[in-house]
Asks: 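Mind having a look at this structure? Questions to follow.
Sequence positions, counted from 1, serve as the residue numbers for this chain.
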Amino acid sequence: MIPKTFKEVIDLGDGREISIETGKLAKQAHGSVVVQSGKCMLLCTVVSNYHQADVDFLPLTVDYREKFASAGRYPGGFFKREARPSDGEVLTMRLVDRVLRPLFPKDYHSETQVMIQLMSHDENVMPDAMAGLAASAAIQLSDFPFECPISEARVGRINGEFIINPTRAQLEESDIDMMIGASADSVMMVEGEMDEISEEEMAEAIKFAHEAIKVQCAAQVKLAEAFGKKETREYDPERSDEDLAKKIHDMVYDKTYAIAKAGSAKHERGAAFSEIKEEVFESFSEEEQEDLGKLIHKYVAKAQKEAIRNLTLDEGLRLDGRKTDEIRPIWCEIDYLPSTHGSAIFTRGETQALATVTLGTSREANQIDMPSYEGEERFYLHYNFPPFSTGEARPIRGTSRREVGHGNLAQRALKGMVPEECPYTVRVVSEVLESNGSSSMATVCSGTMALMDAGVQLKKPVSGIAMGLISDADSGKYAVLSDILGDEDHLGDMDFKVTGTADGITACQMDIKVKGLSYEILVNALKQARDGRLHILEKLTDTIATPNAEVKEHAPTMVTRRIPNEFIGALIGPGGKVIQELQKETETTIVINEDPVTEEGIVEVLGVGSKGIDAVMAKIDSLLFKPEVGSVYEVKVIKMLDFGAVVEYTEAPGNEVLLHVSELAWERTENVSDVVNMGDVFDVKYFGIDSRTRKEKVSRKAILPKPEGYQPRPPRDNNRGGRDNNRGRDNRGRDNNRRDDRKPRNNNDKKDD
């Protein structure tokens with residue numbers, strides 16, 4: 001018997017709907033829903049252990065996976081099973097995690113898993129836009145302590161009109177691709193890319209998405225009420241001691257305030273803060289330390305955070321002595337690495353990124369193979385964050401989710417400025433060598449300079465800045481911090497990263513931790529970010545004002561050529577023989593693709609220096625060479641035969657034609673060598689296809705003056721030797737009639753084998 005199900009439908013306002021259903025699948029999970037739009041179906045399950053883990057944080061795991069069966073496909077590769085998550089899946093996990101995590105109680109430490117699976121794919125629905133809705137809806141059906149429902153929505157803009165959850169095809173036309181996460185009351189997360197939009201336009205897009213999210217949050221509440229809202233589970237709260245908190249506050253606050261106001265460097269400041277903590281611990285006995293150790297740590301951190309925030313709000317000063325809108329000192333350098341195709345160092349305060357650029361053919365494109373999307377990237381960026389960049393020694397276990405997310409943000413910031421006509425596949429790699437505040441924005445800056453150093457003709461340079469916000473709801477005070485430090489990242493109410501050109505925003509990433517942030521404050525923060533971004537952009541352009549006109553001497557040059565489809569096979573050769581030998585001879589890389597629209601061959605030739613590339617282009621020219629009837633061409637003798645000479649067109653080496661002995665000269669020629677020899681160069685006239693021989697005909701004599709008194713040879717006498725025209729087999733001195741005395745062959749006369 002099919003169990004009873006409960007369902008809510010969300011109207012997107014343009015004929016599309018999103019449904020949320022529960023009661024049929026995964027009923028042993030603490031909460032489960034199926035979210036559907038069109039043929040796209042997501043299953044989300046949530047489970048949280050009933051005992052608290054012995055940690056001081058929430059061990060939350062958000063897992064998003066796209067099953068290949070959802071699109072009727074097999075996983076690629078040797079092992080036909082889904083394995084590690086793709087970058088696209090990791091990015092979706094991060095989007096959902098960043099909105100969910102702040103809404104759990106700070107003292108809730110139970111192991112919690114949110115698992116979202118794409119079970120059915122629809123090419124007109126992008127599933128990542130519904131992942132946050134699915135996660136929150138499943139939690140609403142559980143007994144988890146969770147503040148309020150949330151949802152996420154993608155917003156695009158086509159011809160000035162905003163669209164909620166556009167299709168991938170619509171995104172191709174859109175100048176905005178933003179994902180917004182919010183509750184009914186507050187925007188909590190923003191991430192996306194834009195085509196140089198203004199701060200006001202960005203705020204309008206966020207408002208538009210928030211209105212749609214409010215409807216989705218209301219639908220979750222209705223579903224939970226219909227299903228039967230569960231009582232929130234009880235859990236053991238963290239231990240607290242208000243008297244101890246006050247005691248530690250009195251011991252720590254003033255000292256921390258003084259150190260913060262002194263404006264010291266990271267390590268010096270860190271050592272001073274650690275000394276305060278040690279003094280606090282030493283004021284307690286060993287027994288008290290053992291019993292109250294976690295509380296002491298907690299209350300010291302709380303008092304220090306309060307002191308640093310108040311310093312900024314009251315005096316406009318920051319930990320390193322800067323004012324709120326001041327940018328740390330910057331120095332830059334390009335062409336630092338002698339063997340790379342492009343390189344640049346960007347250092348801002350105690351944050352440093354070294355970027356490299358590598359140029360390649362379409363063969364080096366980054367292939368994306370997901371159930372929801374198949375394609376390739378001709379521009380991509382990888383970001384590495386080693387432990388030494390923060391002075392730590394920790395295990396290295398592959399590429400982290402953080403590295404994937406930060407690299408994607410920098411890639412989205414830059415990719416719109418790489419011109420479509422750029423012939424190369426471009427890979428940027430950022431090595432973070434020091435980190436104390438937004439290495440992802442340092443990656444954008446170093447990446448911009450490295451691209452220009454490599455000779456990639458960027459439309460405009462891009463810079464990025466990380467911003468923070470400290471606010472006090474009671475007093476109404478707030479301070480927007482430009483170019484935040486690592487220490488300021490976690491103590492503020494909002495941290496956001498904004499990238500752009502001098503004309504507008506190209507990408508952003510925001511995490512808003514304070515409820516009910518007004519759009520006025522948001523726009524003011526974005527405008528202050530623009531001022532900082534332009535300041536940094538000036539430093540970049542002082543280092544390299546425009547892209548280098550040419551690639552470096554040791555970097556490959558790319559030449560692209562289109563050829564008719566029928567010539568592709570000739571260039572490749574049987575079994576690839578021609579193209580392989582050509583690559584070996586010219587020391588180039590040749591890639592041939594077919595234009596899906598025109599079906600032309602697109603030939604990419606990559607090589608260092610012009611000699612090899614010119615040789616390949618000459619080969620292509622020779623393949624494409626088509627002589628015109630009646631025109632005269634220079635040829636070279638490459639082979640001598642008894643009945644003529646094989647010549648090749650000098651303007652199309654390899655393009656050969658037979659020059660018959662009868663076309664060498666007006667006089668009768670007995671030996672070909674009497675007129676021409678190997679290596680001779682002369683002109684011939686092209687007559688097209690000879691109607692008698694069905695082969696191309698060229699003539700040397702046709703462009704020579706006729707000798708005086710020249711008489712053409714008489715036509716061939718077909719009755720030579722008294723023979724008639726019938727030169728058939730049956731006319732060899734015998735009658736054409738079959739011999740009467742020959743017995744017809746009878747198959748029955750065959751002997752048995």
Side-chain angles (χ1 to χ4, degrees), residues 1-48 60 62-64 92 95-97 99-104 112-120 122 125-154 164-165 179-189 209-233:
M1 184 178 71
I2 298 176
K4 182 180 179 181
T5 60
F6 300 85
K7 187 174 182 179
E8 281 293 327
V9 177
I10 301 164
D11 185 359
L12 294 180
D14 56 0
R16 294 176 299 148
E17 294 179 341
I18 301 175
S19 67
I20 316 172
E21 182 181 273
T22 190
K24 186 180 289 187
L25 303 182
K27 292 192 292 181
Q28 292 194 48
H30 295 162
S32 68
V33 296
V34 172
V35 175
Q36 181 171 357
S37 181
K39 293 185 290 185
C40 178
M41 297 175 69
L42 292 175
L43 169 65
C44 179
T45 60
V46 295
V47 174
S48 186
L60 170 66
V62 176
D63 192 79
Y64 171 82
T92 302
L95 287 173
V96 177
D97 186 298
V99 184
L100 295 183
R101 191 176 293 273
L103 296 179
F104 286 91
T112 303
Q113 286 186 336
V114 177
M115 301 187 68
I116 312 165
Q117 304 176 47
L118 175 66
M119 307 301 287
S120 177
D122 185 333
V125 179
M126 297 182 70
D128 59 342
M130 301 191 300
L133 169 63
S136 177
I139 292 174
Q140 295 309 303
L141 301 175
S142 74
D143 61 350
F144 300 174
F146 193 75
E147 188 172 324
C148 61
I150 62 94
S151 190
E152 294 179 345
R154 172 177 274 111
I164 288 295
N165 293 355
M179 192 79 81
I180 289 86
S183 66
D185 299 325
S186 302
V187 174
M188 306 170 66
M189 185 277 300
H210 193 192
E211 292 304 314
I213 288 172
K214 291 176 183 178
V215 177
Q216 297 177 17
C217 290
Q220 296 175 52
V221 173
K222 288 182 182 179
L223 181 68
E225 290 174 349
F227 179 74
K229 181 67 175 176
K230 297 178 182 178
E231 290 293 328
T232 302
R233 69 173 61 175

Asks: Quick check: does any side chain N or O of Ser32 sit under 3.5 Å from a backbone N or O of Thr45, one acting as donor and the other as acceptor?
Replies: no
Asks: What do the steps show when you test Leu42 against Tyr64 for side-chain contact (heavy atoms from CB on, under 4.5 Å), and what is the final call?
Replies: CA-CA 10 Å; Leu42 292 175; Tyr64 171 82; 4.2 Å; yes
Asks: I'd like to know if the side chain of Ser19 and the backbone of Glu8 have a donor-acceptor N/O pair within less than 3.5 Å.
Replies: no
Asks: Evaluate Gln220 against Leu133 for side-chain contact (heavy atoms from CB on, under 4.5 Å), listing each step before the verdict.
Replies: CA-CA 9 Å; Gln220 296 175 52; Leu133 169 63; 3.4 Å; yes
Asks: Other residues, nucleotides and ligands only: do more than 12 of their heavy atoms fall within 6.0 Å of NZ on Lys230?
Replies: yes
Asks: Ion pair present between Asp143 and Arg233, side-chain N to carboxylate O less than 4.0 angstrom?
Replies: yes
Asks: Do you know which two heavy atoms are closest between Ser151 and Cys217, and how far apart they sit?
Replies: N-SG, 4.0 Å
Asks: As an exercise, state the distance from OG1 of Thr112 to CD1 of Ile139, rounded to the nearest 0.5 Å.
Replies: 8.5 Å
Asks: Between atom CD of Gln113 and atom NE2 of His30, what is the distance when rounded to the nearest 0.5 Å?
Replies: 11.0 Å
Asks: Distance-only, no hydrogens or angles: does the His210 side chain make a donor-acceptor pair with backbone N or O of Ser183 under 3.5 Å?
Replies: yes
Asks: Calculate, to the nearest 0.5 Å, the distance between atoms CZ and CD belonging to Phe146 and Gln140 respectively.
Replies: 6.5 Å
Asks: Can you give me the closest heavy-atom contact between Ala219 and Ile20, atom names plus distance?
Replies: CB-CD1, 4.4 Å
Asks: Using atom types as modelled and distance alone, determine if a side-chain donor or acceptor of Arg101 lies under 3.5 Å from a backbone N or O of Leu60.
Replies: yes
Asks: How long is the gap from CG on Leu95 to CE on Met179, to the nearest 0.5 Å?
Replies: 5.5 Å
Asks: Would you call the rings of Phe144 and Phe104 parallel, tilted or perpendicular, where under 30° means parallel and over 60° means perpendicular?
Replies: tilted
Asks: Do you know which two heavy atoms are closest between Ala131 and Thr92, and how far apart they sit?
Replies: CB-CG2, 3.9 Å
Asks: Could you tell me whether the side chain of Asn165 and the main chain of Arg154 form a donor-acceptor pair under 3.5 Å?
Replies: yes
Asks: Can you measure from CD1 (Ile213) to CE (Met188) and round to the nearest 0.5 angstrom?
Replies: 10.5 Å
Asks: When you compare the side chain of Val96 with that of Glu152, does any pair of heavy atoms fall below 4.5 Å?
Replies: yes
Asks: Are Asp63 and Ile116 close enough, and set up right, to give a side-chain contact (heavy atoms from CB on, under 4.5 Å), and what steps lead you there?
Replies: CA-CA 6 Å; Asp63 192 79; Ile116 312 165; over 6 Å; no
Asks: Where do Val46 and Ala138 come nearest, in terms of heavy atoms and distance?
Replies: CG2-O, 3.6 Å
Asks: Are any of the side-chain heavy atoms of Thr22 and Val34 separated by less than 4.5 Å?
Replies: no
Asks: Quick check on Lys214: does its NZ atom have over 12 non-hydrogen neighbours (other residues, nucleotides or ligands) under 6.0 Å away?
Replies: yes
Asks: Return the CD1 to CD distance between Ile10 and Gln216, rounded to the nearest 0.5 Å.
Replies: 5.0 Å
Asks: Are the side chain of Ser37 and the backbone N or O of Cys40 linked by a donor-acceptor pair below 3.5 Å?
Replies: no
Asks: Is Lys229 atom NZ crowded by more than 12 heavy atoms from other residues, nucleotides or ligands, each under 6.0 Å away?
Replies: yes
Asks: Does the side chain of Val35 come within less than 4.5 Å of Cys44's, by heavy atoms?
Replies: no
Asks: Closest approach of Asp11 and Gly13, non-hydrogen atoms and distance?
Replies: OD1-N, 2.8 Å
Asks: If only atom types and distance count, is the side chain of Gln36 paired as donor or acceptor with the main-chain N or O of Met41 below 3.5 Å?
Replies: no
Asks: What pair of heavy atoms forms the shortest contact from Thr5 to Gly23, and how long is it?
Replies: CG2-C, 4.2 Å
Asks: Test side-chain contact (heavy atoms from CB on, under 4.5 Å) on Ile150 and Leu100 and set out the steps.
Replies: CA-CA 8 Å; Ile150 62 94; Leu100 295 183; 4.0 Å; yes
